[in-house]
Amino acid sequence: MKVVLLGPPGAGKGTQATGIVERYNIVHISTGDIFRKNVKEGTPLGKQAKAYMDKGELVPDELVIALVQDRLKQDDCKDGYLLDGFPRTTFQAEAMEKLGMAVDKVIDIQVGKDVLVGRATGRRVCKKCGETYHVSFRPTKVEGVCDKCGAEVIQRSDDEEATVARRIDVYLSETAPLVDYYEKKGNIVHINGDDDAKVVQEKIFAALD
Ligand code: ADP
Ligand code: ADP
Ligand code: ZN
């Protein structure tokens, strides 16, 4: 099964991805996570991506496409994958098609703008294992400490309010056109992501089963 998760920043893509990959036994590929790892490690790719990410802009298509193409060639992708945060532009979607990177189903998680800002600005992530929390909706048991591994839980630098607003605008102008793109292909399912994470999960499973 080859699935794409579409949705604005804070929609719950990462949160939903965890349950999806577990249920269908496929690989989770988050381009945002890959970029953040490269930034942290100070790789050449990380150095190139950082400036764009800090501003809430998209990393140039060529960089992202090469990265994903490389990742999908690896052995663990043979039986399926979940792409989280890619494609994000029509150019990326067309490149995928040309390069033979298959998509069976697109899950479009829809959430209202007011809800998005609260979700992204309240998001906290574990520095070590990457587990995602929310100050109100999914707090850690001990403030600032990861339930899973005990490491420090921090705010992503691009989750500050002004950058979140910019990212939502970029989503609307660059990524939202993909909804139409996949609508024409007939393989997209729209899921209301305003509900509780568990309810959203059930709706996604029902669409994919
Ligand atoms: P969110 O899940 O909150 O939408 P991501 O973790 O997916 O955020 O992405 C963080 C940042 O990484 C983006 O703002 C962008 O700069 C960069 N990025 C991730 N995926 C892509 C992509 N497919 N194309 C361009 N830039 C990307
Ligand atoms: P994305 O990957 O789409 O940017 P995340 O999965 O990281 O979004 O979710 C953004 C924030 O909102 C996180 O702090 C997460 O814990 C929280 N969250 C995710 N889904 C829900 C939901 N259905 N209801 C409330 N909070 C949620
Ligand atoms: Zn952790």
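Basis for what follows: all heavy atoms, side chains included, without hydrogens, waters or symmetry-related copies. First listed ligand is number 1; within each ligand, the first listed atom is number 1.
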Problem set entry | Cationic N near anionic O, under 4.0 Å, Arg138 to Asp147 | no

Seminar exercise, completed: If we number the atoms of ligand 1 from 1 as shown, the ones under 4.0 Å from a heavy atom of Val64 are 22 (C), 23 (N), 24 (N), 25 (C)

Problem set entry | Euclidean distance, Leu5 CG relative to Thr15 OG1, rounded to 0.5 Å | 10.5 Å

Problem set entry | Gly7 to ligand 2, any heavy atom closer than 4.0 Å | no

For this session: Record the part of Arg156 in heavy-atom contact with ligand 1 below 4.0 Å; permitted values are side chain, backbone, both and neither.
Result: side chain

Exercise. Is the shortest N/O to N/O distance between Ala197 and ligand 2 below 3.5 Å?
Worked result: yes

Exercise. What's the spacing between Glu62 CD and Ile65 CD1 if we round to 0.5 Å?
Worked result: 6.5 Å

Exercise. Do NZ/NE/NH1/NH2 and the carboxylate oxygens of Arg166 and Asp54 come within less than 4.0 Å?
Worked result: no

For this session: For Thr31, take its heavy atoms, then give the atoms of ligand 1 lying under 4.0 Å from any of them.
Result: 19 (C), 20 (N), 21 (C), 23 (N)

Exercise. Between Lys47 and Glu41, is there a side-chain N and carboxylate O pair less than 4.0 Å apart?
Worked result: no

Exercise. So what does the Cys126 SG - the Zn ion (ligand 3) - Cys146 SG angle come to, to 10°?
Worked result: 110°

Exercise. So is Gly85 polar-close to ligand 1, meaning N/O to N/O under 3.5 Å?
Worked result: yes

Exercise. How does Asp196 reach ligand 2, by side chain, by backbone, by both or by neither, if only non-hydrogen atoms under 4.0 Å count?
Worked result: backbone

Exercise. Do Lys13 and ligand 2 have an N or O pair less than 3.5 Å apart?
Worked result: yes

For this session: Determine the sole option in Lys78, Arg71, Lys73 for which the salt bridge (Lys or Arg N to Asp or Glu O under 4.0 Å) test with Asp75 is passed.
Result: Lys78

Problem set entry | Flag, side chain of Gln16 to backbone of Gly12, donor-acceptor distance under 3.5 Å | no

Exercise. Does an N or O anywhere in Gly12 fall below 3.5 Å from an N or O of ligand 2?
Worked result: yes

Exercise. Quick one: nearest non-hydrogen protein atom to atom 14 (O) of ligand 2, plus distance?
Worked result: Tyr133 O, 2.7 Å

Exercise. Hey, is ligand 2 close enough to Arg124 that some N/O pair sits below 3.5 Å?
Worked result: no

Exercise. What part of Arg123, side chain, backbone, both or neither, has a heavy atom within less than 4.0 angstrom of ligand 1?
Worked result: side chain

For this session: Specify the protein heavy atom at minimum distance from atom 12 (O) of ligand 2: its residue, its atom name, and the distance to 0.1 Å.
Result: Arg119 CD, 3.4 Å

Exercise. For ligand 2, is Ala120 a contact, meaning one of its heavy atoms is under 4.0 Å away?
Worked result: no

Exercise. Does an N or O from Thr132, backbone or side chain, lie closer than 3.5 Å to an N or O of ligand 2?
Worked result: no

Problem set entry | Identity and distance of the protein heavy atom lying nearest atom 3 (O) of ligand 1 | Arg167 NH2, 2.5 Å

Seminar exercise, completed: Of Lys55, Arg88, Met53, the one whose closest heavy atom lies nearest atom 9 (O) of ligand 1 is Arg88

Problem set entry | Heavy atom of the protein closest to atom 19 (C) of ligand 2 (residue, atom name, distance) | Thr15 OG1, 3.4 Å

For this session: Mark yes or no: Lys203 above the aromatic ring of Phe205, with NZ or CZ under 6.0 Å from the six-membered ring centre and no more than 45 degrees from the axis.
Result: no

Exercise. Any idea which atoms of ligand 1 are less than 4.0 Å away from a heavy-atom of Arg36?
Worked result: 6 (O), 10 (C)

For this session: May I ask you to identify the nearest protein heavy atom to atom 26 (N) of ligand 1, giving residue, atom name and distance to one decimal place in Å?
Result: Val59 N, 3.0 Å

Exercise. Is there any N or O on Pro8 that sits under 3.5 Å from an N or O of ligand 1?
Worked result: no

For this session: Could you list the atoms of ligand 1 found under 4.0 angstrom from a heavy atom of Gln92?
Result: 22 (C), 23 (N), 24 (N), 25 (C)

Problem set entry | Point-to-point distance, once rounded to the nearest 0.5 Å, from CD of Glu57 to CZ of Arg167 | 11.5 Å

Exercise. What atoms in ligand 2 come closer than 4.0 Å to a heavy atom of Phe137?
Worked result: 25 (C), 26 (N)

Exercise. When you look for heavy atoms under 4.0 Å from ligand 2, do you find them on the side chain of Asp195, its backbone, both, or neither?
Worked result: backbone

Problem set entry | Stacked cation flag Arg123 on Tyr133, 6.0 angstrom / 45 deg | no

Exercise. Hey, is ligand 2 close enough to Gly14 that some N/O pair sits below 3.5 Å?
Worked result: yes

Seminar exercise, completed: Value for CG (Asp61) from CZ (Arg88), rounded to nearest 0.5 Å, stands at 11.5 Å

For this session: Enter the distance from Met53:CE to Ser157:OG here, rounded to the nearest 0.5 Å.
Result: 7.5 Å

Problem set entry | Geometric N/O contact Gly10 with ligand 2, under 3.5 angstrom | yes

Exercise. Atom OG1 in Thr18, atom CD in Glu22: separation rounded to 0.5 Å?
Worked result: 8.0 Å

Exercise. Taking N or O atoms only and a 3.5 Å limit, does Asp84 qualify as a polar contact for ligand 2?
Worked result: no

Problem set entry | Under 3.5 Å: N/O of Ser30 near N/O of ligand 1 | no

Seminar exercise, completed: Looking only at protein heavy atoms, what sits closest to atom 15 (C) of ligand 1 is Glu57 O, 3.6 Å

For this session: Please determine if Asp196 and Lys198 form a salt bridge, counting it only when a charged side-chain N lies under 4.0 Å from a carboxylate O.
Result: no

